[in-house]
2 protein chains.
Amino acid sequence: MKKVKESATEKIILEAARKVFIDKGYYGARMQEIADEAGINKALLHYYFRSKEKLFETVFLEAFVKVVPSVLVILNSDEPLFKKIEHFVNNYIDILTENPFIPGFILYELSQNTKRISSLIRGTGLNPQFFIAQIYKEIESGSIKNCDPRQLIIHMLALCIFPFVAQPILQAVFFKNSVEEYRQFLRERKAEVSKFIIASIRKQQEEEITFSNPIQ
Amino acid sequence: MKKVKESATEKIILEAARKVFIDKGYYGARMQEIADEAGINKALLHYYFRSKEKLFETVFLEAFVKVVPSVLVILNSDEPLFKKIEHFVNNYIDILTENPFIPGFILYELSQNTKRISSLIRGTGLNPQFFIAQIYKEIESGSIKNCDPRQLIIHMLALCIFPFVAQPILQAVFFKNSVEEYRQFLRERKAEVSKFIIASIRKQQEEEITFSNPIQ
DNA sequence: GTCTATATCCAGATAGAC
DNA sequence: GTCTATCTGGATATAGAC
């Protein structure tokens, strides 16, 4: 509503703030640390963003937009169900791999400040109705088993997002704390997750013409 | 190592600290708030637990023990695989329903303080080797499809834990923010999740004698 | 716009009376 | 063991020079 042009300094500050807030959370973050990270001093932070709270809101909203609505585009597309699921899983795991700490950040800050949620949802137009309708159609047409579409969607989200939220402990328990092994695991996971979902919901009695080519 | 008997006051403090720390996180929590919640004053907190850090460690360890190793008992039991998966999912979702905020608390604090992890894992004997071996055996015997056991375990964990970590946003998007509807959804989810997993990994070519009675 | 210096506040921690 | 009062450090935020 007000941003016409961002100065270079403003960008540097935001970049630094993103890093520190996502790493430490709102209360754990220190304005001093953000200033150091940006190579400037605290006073400038307040010059550009009036308060810690304002700066945080900016960072949080950017992070939210980067990771949440991008999902919706795929779920609201016109693809057939199985193809869409593959498409969704592949894309989402890619996005999260590039921003591995954002899911934990968002979920944590949302659970701390529940008030934020409703305006966020309105603002970004989060609405799964189209996708839910598509699932119902597939159930009626007999191509997938009967299920609660909301359960299915949450299965999908869980399988994609959880490995990032729980990265530290999973990495320690299953991968000797090797970041590289964990990365490899996530790459393999893309194919695993969509296969896992589709195998579970597909009806096998009648042979169906389905769209499970691992395209893209 | 030192706790022989807990005084009544100590219990009250721990109860209050649990509540505030789990709600607000380490940095968000205030000793004053814990004192108020416990109906005593700040000085007493320091009398019983020397510092905020010590108090937190106690609360965190208790929460961790309540939710993490209890899982292991089931996964290391002698049940056949499908029965074990049902057993695990049912039990775990029950435990988390009773402690809905602990997963987010643990995952967040662990991601903030990665150092904590390795000693925790040693201390609680987290080791999935037995369960992994069982999965390999089932693959060889042909009762389930080929897969990476670690992927399967993480599927299981994700499907159980994620709905609790993401409760605020899921409740808002799918359940008009109704706590009661969300509870109902979680109850239904128990049956859904184990069905979902087993349907996906089971081999359907040969008829197998499997153990999918929804016992317990 | 950017800095240094400072005001203000509030948190964790301690001293010491009871 | 439990309290009130206080110390001390560190955080956000501002004033004002350059």
Side-chain angles (χ1 to χ4, degrees), chain A residues 1-63 105 108-109 111-113 115-116, chain B residues 2-63 105 108-109 112-113 115-116:
Chain A
M1 40 178 78
K2 67 177 176 206
K3 291 277 164 48
V4 178
K5 205 178 161 186
E6 263 181 4
S7 76
T9 312
E10 200 171 334
K11 268 202 198 113
I12 292 171
I13 292 175
L14 274 176
E15 174 70 24
R18 195 165 16 245
K19 197 170 166 185
V20 176
F21 276 131
I22 289 178
D23 196 38
K24 306 280 177 68
Y26 180 77
Y27 288 111
R30 298 285 163 249
M31 294 295 266
Q32 184 61 59
E33 195 180 347
I34 296 173
D36 293 347
E37 180 73 34
I40 54 165
N41 65 12
K42 284 189 293 179
L44 258 198
L45 299 181
H46 287 91
Y47 175 81
Y48 280 94
F49 303 84
R50 231 185 49 236
S51 64
K52 182 182 182 182
E53 177 71 24
K54 291 265 182 213
L55 178 53
F56 177 82
E57 288 294 339
T58 308
V59 167
F60 181 82
L61 188 63
E62 281 189 13
F105 173 65
Y108 183 72
E109 298 296 339
S111 78
Q112 289 232 333
N113 190 344
K115 281 172 275 175
R116 238 190 288 272
Chain B
K2 68 178 176 203
K3 290 275 164 49
V4 178
K5 206 180 160 185
E6 263 180 4
S7 75
T9 312
E10 201 172 332
K11 268 204 198 110
I12 292 171
I13 292 174
L14 275 176
E15 174 68 26
R18 196 166 15 248
K19 198 168 164 185
V20 176
F21 276 132
I22 289 179
D23 196 37
K24 305 280 177 68
Y26 180 76
Y27 288 110
R30 298 285 163 248
M31 294 294 266
Q32 184 61 59
E33 195 181 347
I34 296 174
D36 293 347
E37 180 73 35
I40 55 166
N41 65 13
K42 281 191 295 178
L44 257 199
L45 299 181
H46 287 92
Y47 175 80
Y48 279 95
F49 304 83
R50 232 184 50 236
S51 63
K52 183 182 183 181
E53 177 70 24
K54 291 264 182 215
L55 178 54
F56 177 82
E57 287 296 338
T58 308
V59 167
F60 181 83
L61 189 63
E62 281 189 13
F105 173 64
Y108 184 73
E109 297 297 338
Q112 288 232 333
N113 190 344
K115 283 173 273 175
R116 239 191 288 271

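Everything quoted here is computed from the prediction, not taken from an experiment.
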**Prompt:** Which nucleotide of DNA chain D is the first, and which the last, in the 5' to 3' direction, to come under 4.0 Å of a heavy atom belonging to chain B?
**Reply:**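 So the contact region on DNA chain D extends D:dG1 to D:dT4.
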**Asked** Is it true that B:Tyr26 and A:Tyr27 have ring centroids separated by less than 6.0 Å?
**Response**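 Between A:Tyr27 and B:Tyr26, which both carry aromatic rings, the centre distance is not below 6.0 Å.
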**Message:** Does B:Ile40 form a side-chain contact (heavy atoms from CB on, under 4.5 Å) with B:Ile12? I'd like the steps, not just the answer.
**Reply:** CA-CA 9 Å; B:Ile40 55 166; B:Ile12 292 171; 5.8 Å; no
**Asked** NA contact type, B:Leu45, heavy-atom cut-off 4.0 Å: base, sugar-phosphate, or nothing?
**Response**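 Since no nucleic acid heavy atom lies under 4.0 Å of B:Leu45, the category is nothing.
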**Item:** Distance-only polar pair, side chains of A:Gln32 and A:Asp36, donor-acceptor under 3.5 Å
**Value:**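 Short answer, yes.
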**Message:** Donor-acceptor check, side chain of B:Gln112 to backbone of A:Lys24, threshold 3.5 angstrom: yes or no?
**Reply:**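 Checked: pair present.
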With 3.5 Å as the limit, what N/O pairs link the protein to nucleotides 9-12 of chain C?
from	atom 1	to	atom 2	distance (Å)
C:dG12	OP1	B:Met31	N	3.3
C:dG12	OP1	B:Lys52	NZ	3.2
C:dG12	OP2	B:Met31	N	2.9
C:dG12	N7	B:Lys42	NZ	3.4

**Asked** After noting the C-alpha distance and the side-chain angles of A:Tyr48 and A:Leu14, does the key distance pass the side-chain contact (heavy atoms from CB on, under 4.5 Å) rule?
**Response** CA-CA 10 Å; A:Tyr48 280 94; A:Leu14 274 176; over 6 Å; no
**Request:** For residues B:Ile13 and B:Leu55, determine if any side-chain heavy atom of one lies less than 4.5 Å from a side-chain heavy atom of the other.
**Result:**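 Sidechains of B:Leu55 and B:Ile13: in contact.
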**Item:** Note, B:Arg116 side chain near B:Phe60 side chain (heavy atom, < 4.5 Å)
**Value:**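 Yes, side chains in contact.
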**Prompt:** Does a salt bridge link B:Glu57 with B:Lys54, judged by any charged N lying under 4.0 Å from a carboxylate O?
**Reply:**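 Salt bridge between B:Glu57 and B:Lys54, a charged N being under 4.0 Å from a carboxylate O: no.
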